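Notes to accompany the following structure.
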Amino acid sequence: MSHKKVPLLRLEPRAETARVMVYAAPLIAVVLTLIGGSVLFALMGFAPHVALYNFFIAPISDTYGLSELAVKATPLVLIAIGLSLGFRANVWNIGAEGQLTIGALFGGMVALALNDLTGWYILPLEIIAGVLAGMAWAAIPAFLRTRFNTNEILVSLMLTYIAQLLLNLLVHGVLRDPAALGFPQSKAFSDSTLLPTILDGTRVTSSTIITLLIVGIAWVVVAKSFVGFQIRVAGLAPAAARYAGFRQPRLVWMTLLAGGGLAGLAGIFEVAGPIGQLQPTISPGYGFTAIIVAFLGRLHPLGILLAGLLVALSYLGGEAVQINMGMPLAVTGVFQGMLLFFLLACDVLVSYRIRWRGTGQGAVTGARAAKG
Amino acid sequence: MNLPPYRLALKGITKSFPGVLANDAVDLALQAGEIHALLGENGAGKSTLVKILYGVLQADAGEILWHGSPVEIGSPAAARKLGIAMVFQHFSLFETLTVAENVWLGIDKTEPLAVVAGKVRETSERYGLPLDPNRHVHELSVGERQRIEIVRCLLQNPELLVMDEPTSVLTPQEADRLFETLRRLAAEGMTILYISHKLDEIRALCGKATILRGGKRVAEAVPAEESSRSLARLMIGQDFAEAERKPDEGRIGAKRLTVGGLTIASTSPFGTPLDKVSFEIRGGEILGMAGVAGNGQAELISALIGEEKVPVGMLALDGTDIGDKGPAERRSLGLAVVPEERQGRSAVPELTLAENALLTGHQRFSLVRHGLVQAADAARRAGEIISRFAVKANGPQAEARGLSGGNLQKFIIGREIGQAPGVFVASAPTWGVDAGAAAAIHQAIIDLAATGAAVLIISQDLDELMVMSDRICAICAGRVSPAIDRAEATTERIGLMMGGSFTVAGEAA
């Protein structure tokens, strides 16, 4: 009873993961983010309830706001769906932002090349070009990993910067619209190269419907298909995947190509949708934020759909508090950061319990409290 | 009548995990100088009790008395301070460091390395545990590595030494040597708590045995006065049917598995390359392969599974060359291989049993149609395996990690045998499995052979090989000895083969 070299707090693995917690953790994380956000607002000198209202309620209190939510959520969900397939198989594609950029660039170049023509085939061509370009960009880390065992995290991330510089080079150069008074931007896309809007007076296009379709397909792949099962096994127990004869390189290729293709699709949807031309910045970081969306959604297609809406709201909310209350733009990033941080913290409690020391034998479990 | 207090007494130790009462008011009393066995099936609560004793876990209720006074053991460091040392089943050694460096890392670094090296040499000589402090760990055999762990413990002059299944990695000769050392230590007054499921060993070595079942202490016995069977009955709580291999049971069919001059490099830096491994197994025949772990078994298993492809002409299944075929293709041709590692290799702990049935059974059970998993069929198959092999599990939707080692192994063996393979290979099929489950697994394998399948069992457990095999060979340093008939196989002769003396063993015939 006299030893004192025991840490005050330690994590002890749970014998079994609490099923409820797996689903409750994201909700708890959201609640904690709201609390953390309130504290942040109060410290910045704003009334928390006013700020929270402006951040979360005001942006979606009318039809236009809801339509903007869909516009923002579409690329996030699309990219996160692709990434989640890889993450399930321990394939860490961090370069969706680059794949999005390349998809937008090449899809956009097809659109510009066909800008003066009309015909039903133009949009599909552009979209296919965008998807293929995204896949090609993701094929680089896939090839390097399967052939030379390089780390796809680094390769895909570094390729993001190359993609952005390439886009910059071209919109400052050959793609620049001579009539743009020196602004680095391309010609505006013509009607035949733009996605039609599906609701008058909004920016919602058919891309949102396609995204919902893809969510459905992804659900079948993840929950029902044998490929989805192989991906899961490869992620949970690589040795078991080898033992069973699931070909690892094939899964790496498949998941990276799926991630790259969907990111490329998101890219062309942006330039042929809300943006309508090529310009130096195409995405406010959708490719990176989609990583948060994928994890917040538990790598599950339906979860990702919900998480995509929530994170899209954080973009809208950030803009709203910026305009209505004069808060800095960084608030959006801080909110997203808090969300991911709290989610990871809650995840720890799903599989571990906290043991407090100093209360003698049969120490109280701190995690029980979180379990509710 | 003023008897000295017990060196260690556990009173009413209770420990629960969510859903399981791992220890239920367990008592254990150890005297100075005794070798005490802790016996029990998997999941009986042995590991939990030992972890509490060594400070890795804390009891929910109960008392630990050390020399008669209550103590609280909050950490392994606290246990070591009291004088309790433990040799784990899995060693924690750095392969690239020397023996002395490894020992030095594990103790208080108040003494210079050279002094520690001297002490290692001295202690190892004194207790008949020959060990060169300056050699690197990766050059050493498993038996020698275990000696490092023991010497590391002895340097702390413990009063209680806990040994967890120490002979599971040793040749019979090495095990005998270890017993000598343990008897000597006990004679000098050290208390030894010996955990094992090898009942013959316990009867030869231990003065007393505490038997756990379902978390409770069910009996204390004097092993020398019991038979292995009566001890097993105490452990299991009921009688069980031992596997039986009738002599000359319809074997000598056609050659089914032919391994010819199999030579491959190891993929891991400290692995063992295979050197011209040759053997063949006919239909209906069971070949046993003895050997100390780390002598190429892992590489052989990997080559048989098809994880590593091998050159043409070295591996044939029913006359078809399978060297360049992957695991799934080989499985569909009728080759089933069960490696030693269950959690994470032959089964995925996080998945349900139905999903684990799908893992290797998707072809021969036809569980995939148009790229979609037939979940209901998979669950039905898993249910069949569960009932046929009496797997204790909460149905097909139970997670594999919730099963005890023995039950999971029964499920895995059942899954592979259920696919009616023509050639069946298992490595350590009953390692860490209790007697009842082991007998069931053995019987299932024997029944499979009786249907005309060729069977290879790679094991360190000689008893198992003696019961099961028609012929026995040994693997040592990546080479495989010629096989001898079971009738000619003695423990001593197999021990020599395991040590690499193939010719001496052969000439003795």
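By convention in this document, chain letters (A, B, ...) are assigned in the order of the sequence lines, proteins followed by strands, and residues within each chain are numbered from 1. Computed over heavy atoms, backbone and side chain alike; hydrogens, waters and symmetry mates excluded. From a predicted model like this one, the values you see are computed outputs, not experimental measurements.
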Crowding at CG, Asn151(A) (>12 non-hydrogen neighbours, <6.0 Å)
yes
Contact summary for Leu359(B) and Ala244(A), nearest pair of heavy atoms
O-CB, 3.5 Å
With a cut-off of 3.5 Å and sequence neighbours excluded, list every side-chain donor-acceptor pair involving residues 336-343 of chain B.
from      : atom 1 : to        : atom 2 : distance (Å)
Glu341(B) : OE1    : Arg345(B) : NH1    : 2.9
Arg342(B) : NE     : Gln409(B) : OE1    : 2.9
Arg342(B) : NH1    : Trp431(B) : O      : 3.2
Arg342(B) : NH2    : Trp431(B) : O      : 2.6

Of the backbone (N, CA, C, O) and the side chain (C-beta and beyond), which part of Glu329(B) lies under 4.5 Å from a heavy atom of chain A, both, or neither?
neither
Heavy-atom cut-off 4.5 Å, strictly under: side chain, backbone, both or neither for Phe229(A) against chain B?
side chain
Within a reach of under 6.0 Å around CZ of Arg364(B), are more than 12 heavy atoms found that belong to other residues, nucleotides or ligands?
yes
Give the member of Ala328(B), Gly344(B), Ala375(B) that has the highest number of heavy-atom pairs under 4.5 Å with chain A.
Gly344(B)
In this structure, CZ of Phe226(A) is separated from CG of Leu367(B) (nearest 0.5 Å) by 8.5 Å
Apply side chain to side chain contact (heavy atoms under 4.5 Å, CB included) to residues Arg232(A) and Leu351(B) and explain how you reach the verdict.
CA-CA 9 Å; Arg232(A) 203 142 55 104; Leu351(B) 295 184; 3.4 Å; yes
Measure the spacing between CZ of Arg242(A) and CD of Glu308(B) and express it to the nearest 0.5 Å.
8.0 Å
When heavy-atom pairs shorter than 4.5 Å are enumerated against chain B, which of Gly245(A), Ala237(A), Ala239(A) gives the highest number?
Ala239(A)
Checking heavy atoms, do the side chain of His362(B), its backbone, both or neither come under 4.5 Å from chain A?
side chain
Name the region of Val368(B), side chain, backbone, both or neither, that has any atom closer than 4.5 Å to a heavy atom of chain A.
side chain
Cation-pi, Tyr243(A) ring and Arg331(B) (6.0 angstrom, 45 degrees)
yes
Given Gly371(B), Gly326(B), Ala347(B), the one with more heavy-atom pairs under 4.5 angstrom with chain A than any other is Gly371(B)
Relative to chain A, which segment of Arg330(B) carries a heavy atom at a distance below 4.5 Å: side chain, backbone, both, or neither?
neither
Assess whether atom CH2 of Trp253(A) is packed by more than 12 heavy atoms of other residues, nucleotides or ligands within 6.0 Å.
yes
